[in-house]
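What follows is a structure written as structure tokens; I'll ask about it next.
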Number of protein chains: 2
Amino acid sequence: MRLTTKGRYAVTAMLDLALHASRGPVSLNDISGRQGISLSYLEQLFAKLRRSGLVASVRGPGGGYRLSREDTSINVAEIVDAVNESMDATRCNRKGDCQEGLECLTHHLWLDLSDQIHNFLSDITLNDLIERREIQATAARQDERANSRIDLLLSSEGSN
Amino acid sequence: MRLTTKGRYAVTAMLDLALHASRGPVSLNDISGRQGISLSYLEQLFAKLRRSGLVASVRGPGGGYRLSREDTSINVAEIVDAVNESMDATRCNRKGDCQEGLECLTHHLWLDLSDQIHNFLSDITLNDLIERREIQATAARQDERANSRIDLLLSSEGSN
DNA sequence: TTATAGTTGACTGAAATAGTAGGGCATCCG
DNA sequence: CGGATGCCCTACTATTTCAGTCAACTATAA
């Protein structure tokens, strides 16, 4: 079992997508700027998210990604899953052949833990996250910073 | 966050220790044989378990390791912790500086997940595991196999 | 005194992570 | 029509961790 930057980035990016869905497709460049994730890395993650059917892409200028389904029907567990970070805690992938073809001493413990984690994460949708106050606050802060960066860029262009 | 062979082996070995505590210290060699874990690797793990005060060692022939505390007061979370497998799901170690010194968009989500996992694992003691029927069955099977290996060894010695 | 068993440190191959680099291709806009 | 935008894809790389090995050492019971 592992949860690393890969899975965390995927959820963060999907949440960013959901938060900015109202104004059409969201480009990876925007997400990269707001969330501080490298663009190339995001491209890799979204390739997987697209193959899993969680997002759809729109090419060309003004394009980007959108959620394939409503934010109320996408949960955190399937996002983490889509980027190949198995939240399974067993060594044997639940098969029970962890020690010479038989169950190891702690097999059932890890099975229970796996279920616990999966239940927790699959019960949280993107919409649930959007409605959380801390997340709204963080998102607002990020948008403001992004806007001020754009202003800075425009004013330096004007002075050239 | 990660749970790999390291943490799983540590819990398995500690459980083996608890199961065989009645007949004095348990040698790593015995655990290695029963649980199919390499002796050298066990030595590394028990060095950490000892430094964390979970086990005490008895040197010399007939020596081995014992639990430092009763099996009712050692929980799974602290065992996993002792071998440096942090079950913390956040990137920032709960500090909240995950994105340029501030909280990332999903900080609270991973915080909640961490608590969920920790609560689950810290609520299970070695004694709880010992009392589980599947574990008793697996342990009985392992002991039987270990005994038959000893018989085999003795009979081949006799024929030399 | 010898075999047992813990103690310690250095080392290693394989795998995964967390990226980077650099091509392409589709599409909109002027 | 052509260039800018943004997705798409493959290959590459540095670093870290895991999982395990090896070797030398110390303590102690029989």
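Below, chains carry the letters A, B, ... as their sequence lines are ordered, and counting in each starts from 1. Everything numeric in this text was worked out from a predicted model, so none of it was measured.
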Handout entry: Audit row: B:Leu67, B:Met14, side chain to side chain contact (heavy atoms under 4.5 Å, CB included) steps and yes/no
Key = CA-CA 8 Å; B:Leu67 299 180; B:Met14 287 290 283; 3.7 Å; yes
Practice task
Measure from the side chain of B:Lys6, starting at C-beta and using heavy atoms only, and say which of C:dA18, D:dC18, C:dG19 lies closest.
Solution key: D:dC18
Fill in the blank from the handout: In whole angstroms, the gap separating C1' of D:dC18 from NZ of B:Lys48 amounts to 11 Å
Handout entry: Ion pair A:Lys95/A:Asp88, N-O distance below 4.0 Å
Key = no
Problem - Proximity to the side chain of A:Ser40 - top-ranked nucleotide from D:dC9, D:dC7, C:dT20 - result: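 Nearest to the side-chain atoms of A:Ser40, counting from C-beta on, is C:dT20.
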Handout entry: Phosphate-side-chain proximity, B:Arg66 and C:dG6, N/O vs OP1/OP2 below 4.0 Å
Key =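 B:Arg66 to C:dG6 OP1/OP2: no side-chain N or O under 4.0 Å.
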Completion exercise
From the list A:Val26, A:Leu45, A:Leu39, side chain to side chain contact (heavy atoms under 4.5 Å, CB included) with A:Ile31 holds only for A:Val26
Practice task
Grab the OH-P distance between A:Tyr65 and D:dG6 for me, whole Å please.
Solution key: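 From A:Tyr65 OH to D:dG6 P: 13 Å.
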Practice task
Measure from the side-chain heavy atoms of A:Arg2 and tell me the nearest of C:dA16, C:dG19, C:dG6.
Solution key: C:dA16
Practice task
May I have the distance from A:Leu49 (atom CG) to D:dC8 (atom C1'), rounded to whole angstrom?
Solution key: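 Roughly 14 Å, once rounded to whole Å.
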Problem - Atom-pair distance (CG on A:Leu3; C1' on C:dA18), nearest Å - result: 14 Å
Handout entry: Short side-chain N/O contact from B:Ser27 to OP1 or OP2 of C:dT4, under 4.0 Å
Key = no
Handout entry: Given C:dA10, C:dA26, C:dG19, the nucleotide with the shortest approach to the side chain of B:Arg91
Key =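 The answer is C:dG19.
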Problem - Distance-only donor-acceptor test, B:Arg59 side-chain atoms vs C:dT7 base atoms, 3.5 Å - result: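 Result: no qualifying N/O pair found.
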Practice task
Nearest whole angstrom, please: distance from the P of C:dG19 to the CG of A:Leu45.
Solution key: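 That distance rounds to 10 Å.
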Practice task
Give a yes or no on whether a salt bridge exists between A:Asp30 and A:Arg23, defined as a side-chain N under 4.0 angstrom from a carboxylate O.
Solution key: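 Salt bridge absent between A:Asp30 and A:Arg23.
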Fill in the blank from the handout: Testing D:dA4, D:dA11, D:dG20 for proximity to the side chain of A:Pro61, the answer is D:dA4
Exercise for the section: Using whole Å, report how far CZ of B:Arg8 lies from C1' of D:dA19. Expected result: 12 Å
Handout entry: Gap between atoms OH and P, on A:Tyr41 and D:dT10 respectively (whole Å)
Key =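 Atom-to-atom, A:Tyr41 to D:dT10, this comes out as 18 Å.
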Exercise for the section: Verify the contact: side-chain N or O of A:Ser57 to OP1 or OP2 of D:dC7, cut-off strictly under 4.0 Å; return yes or no. Expected result: no
Completion exercise
Among the nucleotides D:dG20, C:dT20, D:dC8, whichever has the atom closest to the side chain of A:Ser38 is C:dT20
Handout entry: Side chain of B:Gln44 - closest among C:dA18, C:dA10, D:dC7
Key = C:dA10
Exercise for the section: Choose from D:dA19, D:dC7, D:dC8 the nucleotide whose nearest atom is closest to any side-chain atom of A:Leu28. Expected result: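 Looking only at heavy atoms from C-beta outward on A:Leu28, the closest nucleotide is D:dC7.
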Practice task
Using the six-membered ring wherever Trp is involved, compare the ring planes of B:Tyr41 and B:Tyr9 and label them parallel, tilted or perpendicular (cut-offs 30° and 60°).
Solution key: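 Perpendicular, since the angle between the ring planes exceeds 60°.
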Practice task
Please tell me which of A:Gly62 and A:Ala47 maps to the more 5' nucleotide of DNA chain D, matching each residue to the nucleotide holding its nearest heavy atom.
Solution key: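 By nearest-heavy-atom nucleotide position, the 5'-most residue is A:Gly62.
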Practice task
Scan A:Phe46 against the nucleic acid and name what it touches under 4.0 Å (heavy atoms): base, sugar-phosphate only, or nothing.
Solution key: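 The answer is nothing, as A:Phe46 stays clear of every strand by at least 4.0 Å.
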Practice task
Name the closest nucleotide to the A:Thr4 side chain, picking from C:dT17, C:dT20, D:dC8.
Solution key: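 The closest nucleotide is C:dT17.
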Exercise for the section: Please report the shortest heavy-atom distance between B:Thr106 and A:Arg8, naming the atom on each side. Expected result: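 In this case the closest contact between B:Thr106 and A:Arg8 is OG1-O, 4.4 Å.
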Practice task
Could you tell me the separation between the CZ atom of A:Arg50 and the C1' atom of D:dC8, rounded to a whole number of Å?
Solution key: 7 Å
Exercise for the section: Indicate whether OP1 or OP2 belonging to C:dG19 is found under 4.0 Å from a side-chain N or O atom of A:Tyr9. Expected result: yes
Exercise for the section: Could you work out which one of D:dG6, D:dG20, D:dA23 sits closest to the side chain of B:Glu43? Expected result: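 Given the options D:dG6, D:dG20, D:dA23, the side chain of B:Glu43 is closest to D:dA23.
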